[in-house]
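Indexing begins at 1, ligand by ligand and atom by atom, following the structure's order. Values reported hereafter were calculated over all heavy atoms of this structure, with side chains retained and with hydrogens, waters and symmetry mates removed. In what follows, residues are counted from 1 in the order of the sequence shown.
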Amino acid sequence: MAKKLFIPGPVDVSPDTFEAMSVPMISHRGAEVSKLLEECNAGLNRLMHTNNTVFIFTSSSTGAMEAAVRNCVKDKCLSICNGAFSERWYGIVKENGKEADSLNFEWGEAPDPKRIEEKLSTGEYDALTLVHNETSTGVAAPIQEIARVVRKYDVSLLVDTVSSMGGVKIEVDKLGIDVCLFGVQKCMALPPGLAICSVSERSLEKANTIPGRGHYFDFLAYKKYLDKKQTPTTPAVSIMQGLRYKLNKILNEEGLENRFRRHEGMAEVTRRWAKKNFELLPEEQYSSNTVSCIKNTLNIDCNSLKTKLSERGYVFSTGYGKLVDKTFRIAHMGERTPEELREYLNTIDDILGL
Ligand SMILES: *Cc1c(COP(=O)(O)O)cnc(C)c1O
């Protein structure tokens, strides 16, 4: 029996999605793939609220994080760090031989726009990396306030929305996000393997002035091929079939606003449960609508809980990195329903005797 995944990605993929992917293979240079790419792109533009160019990379999300850095960091980057994934991004900037400073916040805290402004006002930076939804801590950054600050400066705004895009409204163009990236195995509930990345016109112009963009993730190579409705290398065609199918379902069946409301509702249920029994790690106003990070204030044995939940058909998520023993997480993203979530919480209550 398949176990229900309550981890923050990958998440359960519905049988109809797998079915949509189980179609005959097509040439990656034919008319059919161009149509597939075009339709995926049209849907992604709507999902992301952007008219920017959108690239579909055959990689996990981390590939797109590296791509953003290689194409858009020129002299020096400011990396906002408040958890494991934002720290990873800071590492990626340095590993690619670029200069970077980190602006650190405690794990569980939201980045403070005022402190970001202080750093940017030095004029030292031409790019900034921000993780919108820190999956390791369940913190949703105040992206509107941060974007407003960044827009005052000539700084590329690079945003990881890996675990929020498709579950939370993120208006790329209104916010002025230069590069917005995510993977399809989280809120989109597809099998892993594709990373999506929107790129502003001015970022494409900037990339043209940056040497050493590498080969696989070169934005300009991608753009050249996209203009011919192709990708530079063989794309993960089957996952793209799934992506087209899911975009259509999300945009035309469930509807974006309904989808966002469903995620919000599930987050509220989880937060209420968490506050009754434990405590939330983030301040409530910064709590994510797609993943809740809960302080283990009862000192429960998370490994034993994980085993018992597994016996009952669930995959439980412990804390991440240095929070592994101090917190646990409940993902409520993708096609998860409020009913399934309640069943899961009831099962935990039952096991723990809450
Ligand atoms: C999952 C996740 C990543 C890494 O994604 P991969 O697809 O495994 O590369 C990066 N950032 C955030 C916020 C994530 O949740």
Side-chain angles (χ1 to χ4, degrees), residues 5-13 48 55-70 79-93 95-96 102 105 107-111 128-143 146 157-168 170 172 177 179-198 216-217 235-236 239-240 242-243 263 267 281-282 286-293 315 317-324 327-334 336:
L5 299 170
F6 275 85
I7 57 174
V11 303
D12 292 330
V13 178
M48 301 175 77
F55 298 135
I56 301 173
F57 295 134
T58 298
S59 78
S60 85
S61 325
T62 307
M65 293 165 85
E66 180 152 291
V69 165
R70 293 191 80 117
S79 290
I80 311 305
C81 293
N82 65 327
F85 293 101
S86 41
E87 284 178 9
R88 178 190 293 185
W89 214 354
Y90 173 52
I92 291 172
V93 184
E95 284 150 14
N96 276 281
S102 64
F105 299 89
W107 282 37
E109 270 183 21
L128 175 142
T129 62
L130 172 74
V131 170
H132 170 240
N133 196 68
E134 239 312 342
T135 316
S136 61
T137 63
V139 168
I143 184 135
I146 294 172
L157 176 55
L158 315 177
V159 183
D160 165 332
T161 59
V162 175
S163 61
S164 48
M165 186 62 79
V168 174
I170 299 156
V172 168
I177 300 176
V179 175
C180 183
L181 61 97
F182 67 101
V184 296
Q185 80 275 25
K186 299 201 176 174
C187 295
M188 296 297 283
L190 281 159
L194 292 180
I196 312 295
C197 179
S198 75
Y216 194 64
F217 290 116
I239 311 176
M240 280 173 66
L243 177 63
H263 280 82
L281 178 71
Y286 300 117
S287 285
S288 160
N289 276 352
T290 61
V291 57
S292 296
C293 187
V315 182
S317 178
T318 58
Y320 194 101
K322 66 185 184 191
L323 294 177
V324 66
T327 64
F328 62 93
R329 294 170 301 158
I330 296 175
H332 26 80
M333 60 174 76
R336 192 54 74 223

Salt bridge (Lys or Arg N to Asp or Glu O under 4.0 Å) involving Arg336 - partner list, sequence neighbours excluded: Asp12, Glu340

Under 3.5 Å side-chain donor-acceptor pair for Ser164 and Thr290: no

Under the ring pair (Phe, Tyr, Trp, His ring centres under 6.0 Å) test, residues paired with Phe105 that sit two or more places apart: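 Partners of Phe105 under the ring pair (Phe, Tyr, Trp, His ring centres under 6.0 Å) test: none.
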
With sequence neighbours excluded, residues passing ring pair (Phe, Tyr, Trp, His ring centres under 6.0 Å) with Phe217: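 Listed in chain order: Phe57.
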
For a distance cut-off of 3.5 Å, show me each N or O of ligand 1 paired with any protein N or O, plus the separation.
unit_1	atom_1	unit_2	atom_2	d
ligand 1	5 (O)	Ser61	OG	3.3
ligand 1	7 (O)	Ser61	N	2.9
ligand 1	7 (O)	Ser61	OG	2.8
ligand 1	7 (O)	Gln185	NE2	2.7
ligand 1	9 (O)	Ser60	OG	2.5
ligand 1	9 (O)	Ser61	N	3.2
ligand 1	9 (O)	Thr62	N	2.8
ligand 1	9 (O)	Thr62	OG1	2.5
ligand 1	11 (N)	Asp160	OD2	2.7
ligand 1	15 (O)	Thr135	OG1	2.4
ligand 1	15 (O)	Lys186	NZ	2.7

Check: His263 and Val168 side chains under 4.5 Å, non-hydrogen atoms: no

Side chain to side chain, Trp107 and Val139, heavy atoms closer than 4.5 Å: no

